[in-house]
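Written out below as structure tokens is the structure these notes cover.
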Amino acid sequence: TPQLEVFRILLGREPALSPVIRFYQRLLAGDEDEAAELADEYLEQHGLVALYDEVIVPALHPAETDRHSGRLHADAERTVREISGAIVEDLAERPHAADSGADAAHGSGSTRPPTERPVLCVPARDEADALAAGMFAQVLHVQGITAEAVSQELLVGEIGQRLGREDIPLICISALPPGAISHTRYLCKRLGARLPELTIVVGLWNASENLGRMRTRLMDSGADRIVTTFAAGAAEVARKKRELAAVASGRHAEDRGEERIASRPGAPS
């Protein structure tokens, strides 16, 4: 009715802007303080994993899309990345032991002792992939999994050398669509050929379009598992690590059995 029109105008019929849109707007405006405040509010209410999966990564995704299509100027893209990076760096310095989002993803809390060998989080190509790799390494660390994000400047040969030298059995290649798919396939092929026993989890963070086709191409290139969220990725890494530990334990038991047989009197030498 006409009498209620003023309230419709004042209150509006449009829904409130989502946290992703608000965060992205603050990034584009170069407003680091307000972007950080939005991140802090979401972190307090939902936890670290949800903040990354539901706000920061979804905000970086359109920035990457706009950059690849030429709609986002290089200076604006740099501002988005730098402010996001500063927020992520600040989050890395805070204690998140009681983070409910991480506990839910892991399923058993974040008190498990760290593993001896790190899960390497490898950027597929550029700084955006490296930023996502750093976030995922944080999520794994919160859940008691030793993880390290490596520089995007490392050559694939250097990564392979480290994996072999330190006998690292599991990596996660971090890719922020729409780019980096060809580089991700290249990494899967090269590292898989060099280290056939290596388990490769690929994070196509926030991917939705053409996911089936990309999944097939990456699995054909040597990836063992494709995930699209940090929550799913953390759960998958934890599962893969349990499988690898069980295999290693079985091999150790077989070796001990063979040693006992060999030590018996009259056993063949």
Side-chain angles (χ1 to χ4, degrees), residues 43 46-58 88 91-92 94-124 129-150 159 162-164 166-176 184 187-188 191-192 195-207 211 214-215 218-219 222-253:
L43 174 69
H46 304 283
L48 183 68
V49 177
L51 171 62
Y52 285 160
D53 269 340
E54 299 170 11
V55 178
I56 295 184
V57 171
V88 171
L91 290 171
R94 305 186 196 180
H96 296 290
D99 184 88
S100 59
D103 291 350
H106 184 275
S108 59
S110 56
T111 58
R112 189 173 60 177
T115 56
E116 293 182 0
R117 291 172 295 178
V119 174
L120 288 193
C121 300
V122 180
D129 301 323
L131 179 58
M135 286 188 277
F136 188 57
Q138 278 187 36
V139 168
L140 294 179
H141 178 71
V142 163
Q143 299 182 43
I145 298 175
T146 302
E148 177 185 340
V150 302
I159 296 171
R162 179 177 176 186
L163 292 172
E166 299 182 21
D167 193 25
I168 294 174
L170 174 62
I171 67 168
C172 178
I173 299 176
S174 176
L176 195 64
T184 303
L187 285 171
C188 289
L191 295 175
L195 301 162
E197 299 299 316
L198 180 67
T199 297
I200 302 175
V201 175
V202 173
L204 295 180
W205 309 126
N206 202 50
L211 183 58
M214 290 189 293
R215 188 188 304 274
L218 290 168
M219 298 290 280
D224 294 283
R225 183 74 172 177
I226 314 300
V227 295
T228 59
T229 67
F230 288 179
E236 184 62 27
V237 167
R239 187 180 70 83
K240 289 290 186 184
K241 288 188 70 63
R242 289 194 297 269
E243 290 180 358
L244 292 169
V247 170
S249 178
R251 289 175 179 171
H252 181 65

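Contact check on R117 versus D167 returns a salt bridge, with a Lys/Arg side-chain nitrogen under 4.0 Å from an Asp/Glu carboxylate oxygen.
With contacts defined as side-chain heavy-atom distances shorter than 4.5 Å, the pair M135/L91 does not qualify. At least one side-chain heavy atom of I200 sits less than 4.5 Å from a side-chain heavy atom of C188. Residues I171 and L163 are in side-chain contact: their nearest non-hydrogen atoms beyond the backbone lie under 4.5 Å apart. Looking only at side-chain heavy atoms (C-beta outward), V202 and C172 stay at 4.5 Å or farther from each other. Within the 4.5 Å cutoff, the side chain of C121 has heavy atoms near those of the F136 side chain. Annotation: side chain of K241 is in contact with side chain of V119 (closest heavy-atom distance under 4.5 Å). Residues I168 and P118 are in side-chain contact: their nearest non-hydrogen atoms beyond the backbone lie under 4.5 Å apart. In this structure, the side chains of V201 and D224 stay at 4.5 Å or more apart for every pair of heavy atoms.
Note that CD1 of I159 and CG of L187 are 6.0 Å apart. Values are rounded to the nearest 0.5 Å. The CD atom of E54 sits 11.5 Å away from atom CD1 of I56, with the distance rounded to the nearest 0.5 Å. To the nearest 0.5 Å, atoms CD (E243) and CG (L170) are separated by 10.5 Å.
A124 meets the side chain to side chain contact (heavy atoms under 4.5 Å, CB included) test with D129, I173, A175, A180, T184; sequence neighbours excluded.
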For residues 225-236, run the donor-acceptor check on the side chains, cut-off 3.5 Å, and write out each pair with its distance to 0.1 Å, sequence neighbours left out.
from	atom 1	to	atom 2	distance (Å)
R225	NE	E236	OE1	3.4
T229	OG1	A232	N	3.1
E236	OE1	R239	NE	3.4
E236	OE2	R239	NH2	2.6

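Ring centers of Y52 and W205: at least 6.0 Å apart, outside the cut-off.
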List the steps and the verdict of side chain to side chain contact (heavy atoms under 4.5 Å, CB included) for H141 and E148.
CA-CA 9 Å; H141 178 71; E148 177 185 340; over 6 Å; no

Go through the steps to decide whether L218 and L204 satisfy the test side chain to side chain contact (heavy atoms under 4.5 Å, CB included), and finish with yes or no.
CA-CA 10 Å; L218 290 168; L204 295 180; 3.7 Å; yes

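Q138 places a side-chain N or O within donor-acceptor distance of the main-chain N or O of V88, the cut-off being under 3.5 Å.
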